[in-house]
Amino acid sequence: MDPKISEKAWNPELELQVLKKWEESNLYDFSLAEENYTIDTPPPYPSGRPWHIGAASHYSQIDMIARTARMAGKNVYFPIGIDRNGLPVELYTEKKHKIRMRDTERGKFLDLCRESLDDLEAEMIQIMKSLGISGGIKDHYRTDSEEYRALTQSTFIELWKKGQIYLATRPNNYDWVSGTTIADAEITYLDLPTKLVYMKFSVKDSDEKIIIASTRPELLCACKTIIVNEEDERYINLVGKKIVVPITNKEVEIKTHHSAQKEFGSGAVMVCSYGDQNDVALFRELKLEEVVAIGLDGRMTEAAGDYAGLKPKQARTKIIEDLKSNGFVEKIDEISHRTPVSERSKNPIEIIPMEEYYLKQMDSVEKMRDLGSEIVFHPEMHKQTLMNWLDSISIDWPISRRRYYGTEIPIWYCKSCSEPHVPEPGKYYRPWKEESPIKNCSKCGATDFVGEERTFDTWMDSSISPLFVTKYQKDEEFFKKTYPTAIRPQAKDIVRTWLYYTLLRCEYLTGKKPWSEAWIMGYGLDEKGMKMSKSKGNALDPIPVIERLGADTFRFWSASEVNQGYDFRCSEQKMDSTKKFLSKLWNVSRFLSSFPIIESGNPTATDKWILSELDKTITECKKGYEKYNFFIPAIAIREFTWNLFAANYIEMVKARAYGIGFSDEERDAAIFTLHKVLSTILKLLAPITPFITDHLWQTLYSDKSIHKERQAESESHEDLSQFTKEITEFNSKVWNEKKSKGLSLKDSISIDIPENLIEFKKDFESMHNLS
RNA sequence: GGGCUCAUAGUCCAGGUCGGUUAUGACGUCGCCCUUACACGGCGAAGAUCCGGGGUUCAAAUCCCCGUGGGCCCA
């Protein structure tokens, strides 16, 4: 009998043929039904080359969610988008063309950004395609399209009209190199070397001196109080006294506060407006009058006296000189200081009072907590990340940015009275270059307007992804049947941004939570467990890996390596060895393809045993698939296929399947069981490795795609798994015995079969040539 | 400083809720074997004080407490 499958190994190039078949038959096209299962797929951001291999793994797993849901009989809507707004592409473009955004004409700069985005996007789309992502790739959306931006703007206008947006001047995190405000969620910290200056302050009407250490002496002009810890005996007698600030000669009071650490510096801390977040909080708490020492241009203001006009770093050098020459310096330490920087540009942050638009969030924390607790998290532990974030929210969300590549804030201001006006929702507006659609000022009646130049925080765009994909405000029927969506898959690092902001915005706009489940994935680390980055040189490019090994190998690696919600290591060696399992599956199928398909059979004890183990595997897989945890089925299927089915069962029934020394009925039972097991394995694996399973399925079992099948269900066979251990141990015993006697595996040997296993006697005898 | 999380062979990982044989499997290593599905294979072997300390218990990888070390998040 010739096998239907002739090639000796699974060739990843076959994936292209399978892909073509899927495309030609529009296998994954979505059409609206009464009940739909909508996936709020994360639109990835093209920030540079190569695309992160962890992201490729992430999207593979999201695709497994879609396929699992389809095989559970759901009508799956799996849109694909690309997020194209924001700072990273601006930085990428500045670097690529060696230009600076503010020195470039706005329209020209936007064109260059768009060009960069197109290149990077093409690569990501190609990777998604070759990974077999079964979503809307060919009609993927973009967050910078007119349609998307129009929705961002009209949802803003909606919230504006509801009074959820306001303008306020507040201390804000300001990245003066990029020239923009950033939200708390976008700040990260770097340990940078800096000078800790110990300065002598004098106590008023006394000869006493007090030493105060600071890394920001240039902010002396903004110093409004000195704090010490209430348990610090060194200073307790000074509390309430006046202290003279060096250089400025202003007087401030010394107070106690628990945030002063006895161990840091001298234990006494000068509190300056906007030195850091803690200072801002203290100013609010102690109701101190603020001094603006640093301006929007990143330079010292008039308040800094002689230092006005200097950059903070220059001012620091100069003031240290002046302090020294006046005898105010006790000593200077070189220390490493945790400095707040912009997560994206890595520029140091200054806290500067600025006028920005805010979206109210403080009043809604409780509501968000309630909504959050209704959402099922996979795995549960990541719900805590959201809850922790909700606990730490202390100000409303600043949503305006002084950058170019983003959705424009749709506001025009009256030239004579400055009253802001929003246009009618539904269109895409670019106030920086368009005529005002408003003709008369509602306040003073004037007719001249000036457009807002700022753009939105990118999370304003991405936080409405579930509304955009469900055609909110565009197709009522579609929206009703797809929203709230079923599931939000995403990475764990953006819980406090994307997940939270989406919850907030969607609740404000629709009164409902955007999804019932959230599926959170960990980070892809390098093989040593370090974060991958281009600068460290440990980034792994997914394209050559996928080309060399094929998508299925990569996907199976992802499923079997990534425990749900935890960080995972990306080792090429591990990926390589995963390929062996697909070879095994291929060769098992190749062997079975030499036997006819038999629809039914009368299983013998051995057959019943493997069917019973198969049932256990189905149950195990189901446990994983229900939670969209692919680690569980991947491991279960590999164990079963390799260690029980191939190594033991197939060897036991090989002779029977060939009909050598067995009745036709016994032979057919073996062939029936072999196919039964293999076809079930293929279905169980289909969400994880869609290419090889579909290829084998269509070669052996059907002219329709396996991806139209329902997932296998356990058939409650009699449980014979108590024999498993004894069977495998008996087989091992015979192999060992032959080995130690120097016999070949086909040589005859005499070994007693244990009493318990007597039912399997005939298969054992033919397998081992027992005499 | 706070939170989350992890720690089991050279490497990765299962088991941990619900304590009880000889601690699961894979990769890698070594040895033997081309046995007609598969050398991208088969069989076998070596390899683990289950991070440290204490407690509960007849019994702890598992439960509790205190540490130590990593990763992430927030101040």
Side-chain angles (χ1 to χ4, degrees), chain A residues 1 3-12 184-185 187-189 258-259 261 263-264 276-278 281 338 340 343 379-394 491-497 520 522-523 525 527-531 549 553 557 560-563 565-595 631-632 634-636 638-640 642-643 645-647 650-651 654-655 657-658 674 678 725 729 731-740 742-747 767-769:
Chain A
M1 282 175 282
K4 264 195 226 169
I5 298 168
S6 55
E7 305 88 337
K8 270 190 147 183
W10 165 242
N11 179 358
D184 287 354
I187 290 183
T188 182
Y189 292 83
H258 60 87
S259 69
Q261 294 169 39
E263 299 76 23
F264 186 76
D276 60 26
Q277 291 283 357
N278 192 37
R338 267 171 71 79
E343 189 169 39
E380 186 65 24
M381 66 173 179
H382 286 309
K383 183 177 276 190
Q384 201 53 43
T385 316
L386 174 65
M387 294 305 169
N388 290 350
W389 176 241
L390 288 170
D391 286 342
S392 65
I393 290 175
S394 62
K492 73 173 188 188
D493 54 337
I494 52 175
V495 168
R496 62 185 173 136
T497 50
I520 313 290
Y523 302 104
L525 304 171
E527 55 190 344
K528 295 189 186 73
M530 305 296 285
K531 207 167 177 171
L549 298 171
T553 297
W557 163 79
S560 63
E561 189 73 11
V562 181
N563 205 346
Y566 292 90
D567 294 348
F568 54 98
R569 300 184 183 202
C570 302
S571 150
E572 239 184 311
Q573 190 213 343
K574 273 277 172 71
M575 296 177 198
D576 282 354
S577 47
T578 305
K579 200 176 170 199
K580 291 184 183 174
F581 174 66
L582 297 195
S583 280
K584 194 73 196 175
L585 181 69
W586 179 265
N587 277 299
V588 166
S589 308
R590 187 159 91 99
F591 174 57
L592 294 211
S593 76
S594 58
F595 299 105
F631 185 80
I632 294 171
I635 299 291
R638 185 177 62 192
E639 292 288 318
F640 171 80
W642 211 322
N643 297 339
F645 186 52
I650 292 182
E651 295 301 328
K654 204 182 263 180
Y658 282 129
L674 285 167
L678 177 62
K725 203 169 172 217
E729 278 175 1
N731 285 334
S732 267
K733 186 181 163 195
V734 179
W735 285 322
N736 246 335
E737 198 88 351
K738 285 190 176 176
K739 168 159 285 206
S740 64
L743 297 173
S744 140
L745 287 180
K746 48 185 175 176
D747 288 338
M767 169 186 188
H768 295 299
N769 194 8

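Proteins come first, then strands; the chains are lettered A, B, ... in the order of their sequence lines, and each starts at number 1. When reading the values below, keep in mind they use all heavy atoms of this one structure, side chains included, and skip hydrogens, waters and symmetry mates.
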Trainee: Measure from the side-chain N and O atoms of A/S732 to the backbone N and O of A/E729, and report whether any donor-acceptor pair falls under 3.5 Å.
Mentor: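 No, A/S732 side chain to A/E729 backbone: no donor-acceptor pair under 3.5 Å.
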Trainee: Rounding to an integer number of angstrom, what distance separates B/rC33 and B/rU49 when you compare their P atoms?
Mentor: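 One P to the other, the span is 33 Å.
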Trainee: Say you pick atom P in B/rA26 and the same atom in B/rA60; how far apart are they, in whole Å?
Mentor: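 Those two atoms are separated by 29 Å.
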Trainee: Taking only side-chain N and O atoms of A/K584, does any of them lie within less than 4.0 angstrom of OP1 or OP2 on B/rG42?
Mentor: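 For A/K584, the contact criterion (side-chain N or O under 4.0 Å from OP1 or OP2 of B/rG42) is met.
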Trainee: Which whole number of Å gives the distance between the P atom of B/rG42 and that of B/rA59?
Mentor: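 Taking atom P in both B/rG42 and B/rA59, they lie 44 Å apart.
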Trainee: Which part of the nucleic acid does A/F631 contact within heavy-atom distance under 4.0 Å: base, sugar-phosphate only, or nothing?
Mentor: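 Contact class for A/F631: sugar-phosphate only.
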Trainee: Please answer whether the main-chain N or O of A/I520 pairs with a side-chain N or O of A/K492 as donor and acceptor at a distance below 3.5 Å.
Mentor: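 Answer holds: no.
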Trainee: Any cation-pi pair here, A/K584 with A/F645, using under 6.0 Å and within 45°?
Mentor: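 Output no; distance or angle outside limits.
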Trainee: Rounded to the nearest Å, what distance is computed from the OH atom of residue A/Y658 to the C1' atom of nucleotide B/rU35?
Mentor: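 Whole-Å distance recorded here is 12 Å.
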Trainee: State which of B/rC38, B/rC12, B/rG42 makes the closest approach to the side chain of A/E561.
Mentor: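 My answer, after comparing the listed nucleotides, is B/rC12.
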Trainee: Using a heavy-atom cut-off of under 4.0 Å over every strand shown, decide if A/S589 touches base, sugar-phosphate, or nothing.
Mentor: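 It contacts nothing in the nucleic acid.
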Trainee: Taking atom C1' of B/rC27 as reference, at what distance in whole Å does atom CH2 of A/W557 sit?
Mentor: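 After rounding, the reported distance stands at 14 Å.
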Trainee: Applying the Watson-Crick and G-U wobble criteria at under 3.5 Å, what pairs with B/rG67? Answer none if nothing qualifies.
Mentor: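 B/rG67 is paired, partner B/rC51.
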Trainee: Looking at every strand, decide which applies to A/K738 at a 4.0 Å heavy-atom threshold: base, sugar-phosphate, or nothing.
Mentor: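 If one applies the 4.0 Å heavy-atom cut-off, A/K738 turns out to touch nothing in the nucleic acid.
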Trainee: Any side-chain heavy-atom pair from A/T578 and A/E561 closer than 4.5 angstrom?
Mentor: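 No; the side chains remain at least 4.5 Å from each other.
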Trainee: Whole angstrom is fine here: how far is it from CD1 in A/I5 over to P in B/rA37?
Mentor: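 Spelled out: CD1 on A/I5 to P on B/rA37 is 14 Å.
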Trainee: Determine the Euclidean distance between corresponding P atoms of B/rA46 and B/rG31; express it in Å to zero decimal places.
Mentor: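 Taking atom P in both B/rG31 and B/rA46, they lie 15 Å apart.
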Trainee: Heavy atoms only, 4.0 Å cut-off, all strands: where does A/T385 land among base, sugar-phosphate and nothing?
Mentor: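 It contacts nothing in the nucleic acid.
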Trainee: Taking any strand in view, what nucleotide pairs with B/rC13 in a Watson-Crick or G-U wobble way, both distances under 3.5 Å?
Mentor: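 B/rC13 is paired with nothing.
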Trainee: Applying the Watson-Crick and G-U wobble criteria at under 3.5 Å, what pairs with B/rG1? Answer none if nothing qualifies.
Mentor: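 Its partner is B/rC74.
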Trainee: If I pick the C1' atom on B/rU24 and the same atom on B/rU62, what distance separates them, to the nearest angstrom?
Mentor: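 Between the two C1' atoms, the distance is 15 Å.
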Trainee: Between B/rG44, B/rA37, B/rC27, which one does the side chain of A/N736 approach most closely?
Mentor: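 Selected nucleotide (nearest to the side chain): B/rG44.
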Trainee: Choosing from B/rC13, B/rA37, B/rG42, which nucleotide comes nearest the side chain of A/K739?
Mentor: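 Among B/rC13, B/rA37, B/rG42, the one nearest the side chain of A/K739 is B/rG42.
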Trainee: Find the partner of B/rG28: check Watson-Crick (N1-N3 plus N6-O4 or O6-N4) and G-U wobble (N1-O2, O6-N3) distances, both under 3.5 Å, and reply none if neither fits.
Mentor: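 Its partner is none (no Watson-Crick or G-U wobble pair with both distances under 3.5 Å).
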Trainee: Any strand is fair game: report the nucleotide pairing with B/rU21 by Watson-Crick or G-U wobble, both distances under 3.5 Å, or none.
Mentor: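 Here B/rU21 is not engaged in any pair, so there is no nucleotide opposite it.
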Trainee: Is any side-chain heavy atom of A/S589 closer than 4.5 Å to a side-chain heavy atom of A/I5?
Mentor: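 Answer yes - side chains close enough.
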Trainee: Taking the C1' atom of each, how far is B/rA61 from B/rA14, in whole Å?
Mentor: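 Here B/rA61 and B/rA14 have their C1' atoms 12 Å from each other.
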Trainee: Side chain of A/K579 only, please: which of B/rG25, B/rC43, B/rC40 is the nearest?
Mentor: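 For A/K579, the side-chain atoms sit closest to B/rC40.
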Trainee: Write down the distance between CG (A/L390) and P (B/rC73), rounded to a whole number of angstrom.
Mentor: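 It works out to 18 Å between those atoms.
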Trainee: Checking base pairs now: Watson-Crick or wobble, both atom distances under 3.5 Å. What partners B/rU56?
Mentor: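 Across all strands, not a single nucleotide pairs with B/rU56.
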Trainee: Report yes if at least one side-chain N or O of A/S583 is closer than 4.0 Å to OP1 or OP2 of B/rG41; otherwise report no.
Mentor: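 Looking at the OP1 and OP2 atoms of B/rG41, neither is under 4.0 Å from any side-chain N or O of A/S583.
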Trainee: Tell me: NE2 of A/H768 to C1' of B/rG42, nearest whole Å?
Mentor: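 Atom-to-atom, A/H768 to B/rG42, this comes out as 13 Å.
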Trainee: How long is the line joining NZ of A/K492 and P of B/rG3, in whole Å?
Mentor: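 About 17 Å, once rounded to whole Å.
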Trainee: Now, which nucleotide makes the Watson-Crick or G-U wobble pair with B/rA37, with each of the two distances under 3.5 Å?
Mentor: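 With both distances under 3.5 Å required, B/rA37 matches none.
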Trainee: Between atom NZ in A/K580 and atom P in B/rG42, what is the gap in whole Å?
Mentor: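 It is 9 Å, rounded to the nearest whole Å.
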Trainee: What pair of heavy atoms forms the shortest contact from A/K746 to A/N769, and how long is it?
Mentor: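 So the two residues come closest at O-ND2, 2.9 Å.
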Trainee: Rounded to whole angstroms, how far apart are CG on A/D576 and C1' on B/rA26?
Mentor: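 Result: 14 Å.
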Trainee: Across the strands shown, which category fits A/W642 at heavy-atom distances under 4.0 angstrom: base, sugar-phosphate, nothing?
Mentor: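 Here A/W642 touches the backbone only, sparing every base.
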Trainee: Under 3.5 Å, is there a donor-acceptor pair between the side chain of A/W10 and the main chain of A/L585?
Mentor: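 Answer holds: no.
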Trainee: How far, in whole Å, is B/rU68 from B/rG25 if one measures between their C1' atoms?
Mentor: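 It comes out at 29 Å once rounded to the nearest Å.
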Trainee: Quick one: sort the A/Y658 and A/F595 rings into parallel, tilted or perpendicular, breaks at 30° and 60°.
Mentor: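 Ring orientation of A/Y658 relative to A/F595: tilted.
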Trainee: Strictly by Watson-Crick or wobble contacts shorter than 3.5 Å, is anything paired with B/rU62, and which nucleotide is it?
Mentor: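 The base-pairing partner of B/rU62, which may sit in any strand shown, does not exist here.
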Trainee: Using the C1' atom as the reference point in each nucleotide, state the distance between B/rG47 and B/rU8 in Å, no decimals.
Mentor: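 Here B/rG47 and B/rU8 have their C1' atoms 14 Å from each other.
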Trainee: Between the base of B/rA37 and the side chain of A/E7, is there any donor-acceptor pair under 3.5 Å?
Mentor: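 Result: no qualifying N/O pair found.
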Trainee: Are any of A/K8's side-chain N or O atoms less than 4.0 Å away from OP1 or OP2 of B/rU36?
Mentor: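 So the side-chain polar atoms of A/K8 never come under 4.0 Å of the phosphate oxygens OP1 or OP2 of B/rU36.
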Trainee: Where each residue is assigned the nucleotide of RNA chain B containing its nearest heavy atom, which of A/S744 and A/A9 is assigned the position nearer the 5′ end?
Mentor: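 First, find each residue's nearest nucleotide; the 5'-ward one identifies A/S744.
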